[in-house]
Visitor: 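Structure in structure tokens, see below.
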Protein chains: 2
Amino acid sequence: MQQRCNKVFMVNLLKSKNISETPFRKEVLEIFSKYNNAIPLSIVEKELKKYNRITLYRTIKVFLEKGIIHKITISGEDSNYAICQEECNTDAHRHQHIHFKCKKCKTIYCVEINEFPAITLPNYKVEQLEIQATGLCENCNV
Amino acid sequence: MQQRCNKVFMVNLLKSKNISETPFRKEVLEIFSKYNNAIPLSIVEKELKKYNRITLYRTIKVFLEKGIIHKITISGEDSNYAICQEECNTDAHRHQHIHFKCKKCKTIYCVEINEFPAITLPNYKVEQLEIQATGLCENCNV
DNA sequence: TCAATAAATGCAACAACGTTGCAATAAAGT
DNA sequence: ACTTTATTGCAACGTTGTTGCATTTATTGA
């Protein structure tokens with residue numbers, strides 16, 4: 001797998017998606033890669049040296065459109081965002097991972113999964129599945 | 001299964017949850033049971049004879065807390081709500097159903113499922129799964 | 001390297017969604 | 001029927017996210 005945690009990679013990521021590499025965007029990307037897991041905008045906000053609400057929203061929007069990050073919505077919580085581990089394109093975010101939220105430390109993990117469960121429903125044609133799990137993560141399950 | 005589509009049931013539902021039966025609450029419940037599927041607040045709003053935004057929010061909040069309805073959040077969409085088909089309590093909404101969104105008619109269904117898939121992740125203790133599917137529903141898959 | 005062009009940023013203002021305090025009203029219990 | 005308790009509705013506010021426009025920064029090409 002490609003290394004996704006250094007500045008060179010970040011710049012290449014921006015270049016490969018055909019968007020200009022600005023200090024703001026690089027900083028946001030570095031924050032996402034520093035946290036390996038999904039984080040809400042409130043964390044990005046705190047980490048940013050120079051925070052601007054509007055610019056952040058626009059940056060996130062562009063990153064989502066370009067498939068650099070993806071959005072994780074868990075009922076009743078802030079939206080969380082994480083760097084896409086596979087190649088995503090704008091239309092089909094067919095991740096082979098599930099989103100796991102630890103009920104103790106509240107961390108949201110994108111967990112790669114080998115055997116993605118298949119579900120067949122009578123009368124429905126299932127084309128895509130999105131799975132969210134809750135429980136205890138490695139660190140909290142002691 | 002209990003019948004969940006008549007006024008008597010609605011009143012009993014309110015009684016059994018120990019909340020007073022007001023015209024507003026009964027009307028909201030009837031709207032939910034009229035639509036068999038999950039609906040956003042915008043639909044409830046249109047169906048209400050006398051709509052009050054604040055009262056609706058509070059009613060929804062109470063219904064959620066009492067386990068009368070549950071909330072379905074699909075990334076990037078309005079929240080949807082549907083009557084709980086099984087007994088829910090406030091803490092554990094361990095539904096044996098998945099949420100299915102038809103990509104054509106946009107309807108969101110709560111689909112009961114017999115064999116709920118089991119997922120085991122190395123290093124994670126999975127306690128609960130929430131599954132959202134997209135595809136084509138019975139009516140649109142022709 | 002530097003000017004010309006294109007894109008990103010920041011401000012002000014707005015819109016949607018949701019909440020809170022408080023007074024008025026309706027439901028429940030006696 | 002009356003008292004108590006809960007619900008409703010209004011005004012006002014907070015949060016989240018967007019848009020138009022002027023300014024600043026990045027990119028391109030000579």
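Labels below follow one simple rule: chain letters A, B, ... track the order of the sequence lines, proteins then strands, and each chain is numbered from 1. Below, each value reflects all heavy atoms present in this structure, side chains not excepted, and no hydrogens, waters or symmetry copies.
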Visitor: Between the two ends of the helix from C/dT1-D/dA30 to C/dA27-D/dT4, what is the bend in degrees, rounded to 10 degrees, where each end axis spans five pairs?
Guide: 40°
Visitor: B/Val62 and B/Ile72: same hydrophobic cluster, using ILVMFWY side-chain contacts below 4.5 Å?
Guide: no
Visitor: Between A/Ile60 (CD1) and C/dA8 (P), how many Å, whole number?
Guide: 15 Å
Visitor: Step by step, work out the salt bridge (Lys or Arg N to Asp or Glu O under 4.0 Å) result for B/Glu27 and B/Arg25.
Guide: CA-CA 5 Å; B/Glu27 205 188 344; B/Arg25 285 176 177 166; over 6 Å; no
Visitor: More 5' along DNA chain D: B/Ile19 or A/Asp78, using each one's nearest nucleotide?
Guide: B/Ile19
Visitor: Distance check needed: C/dC17 P versus B/Leu41 CG, whole Å only.
Guide: 9 Å
Visitor: From CG of B/Asn18 over to P of D/dT5, roughly how many Å is that when rounded to an integer?
Guide: 16 Å
Visitor: Let me know, please, whether B/Ser79 or B/Glu21 comes out on the 5' side of the other along DNA chain C by nearest nucleotide.
Guide: B/Ser79
Visitor: For DNA chain C, whose closest nucleotide is more 5', that of B/Lys71 or that of A/Val62?
Guide: A/Val62
Visitor: With a 4.0 Å heavy-atom cut-off, tell me which residues in residues 43-59 of chain B come close to DNA chain C, sorted by residue number.
Guide: B/Arg53, B/Ile54, B/Tyr57, B/Arg58
Visitor: Whole Å only: how far is the NZ atom of A/Lys61 from the P atom of C/dA8?
Guide: 13 Å
Visitor: Could you please spell out the steps behind the side-chain contact (heavy atoms from CB on, under 4.5 Å) verdict for A/Cys110 and A/Asn36?
Guide: CA-CA 9 Å; A/Cys110 296; A/Asn36 249 314; over 6 Å; no
Visitor: Indicate whether OP1 or OP2 belonging to C/dA6 is found under 4.0 Å from a side-chain N or O atom of A/Ser20.
Guide: no
Visitor: If hydrophobic clusters are built from ILVMFWY residues whose side chains come within less than 4.5 Å, do B/Tyr51 and B/Ile69 share one?
Guide: yes
Visitor: For A/Phe24 and D/dA26, give me the distance from atom CZ to atom C1', rounded to whole Å.
Guide: 16 Å
Visitor: Once you round it to whole Å, what is the distance between C1' of C/dA27 and CG of B/Leu14?
Guide: 13 Å
Visitor: Does B/Tyr124 have its ring centroid less than 6.0 Å away from the ring centroid of A/Tyr109?
Guide: yes
Visitor: Give the rounded distance in Å between these two atoms: CD of B/Glu27 and P of D/dT7.
Guide: 17 Å
Visitor: With a 4.5 Å heavy-atom cut-off, do B/Cys84 and B/Ile68 have their side chains touching?
Guide: no
Visitor: Could you give the distance from CD1 (B/Ile31) to CD1 (B/Ile39), rounded to the nearest 0.5 Å?
Guide: 7.0 Å
Visitor: Who pairs with A/Glu47 by salt bridge (charged side-chain N to carboxylate O under 4.0 Å, His left out), at least two apart in sequence or on another chain?
Guide: A/Lys34
Visitor: So, are B/Glu138 and A/Lys125 salt-bridged, with charged N and O less than 4.0 Å apart?
Guide: no
Visitor: From NZ of A/Lys26 over to P of D/dT25, roughly how many Å is that when rounded to an integer?
Guide: 15 Å
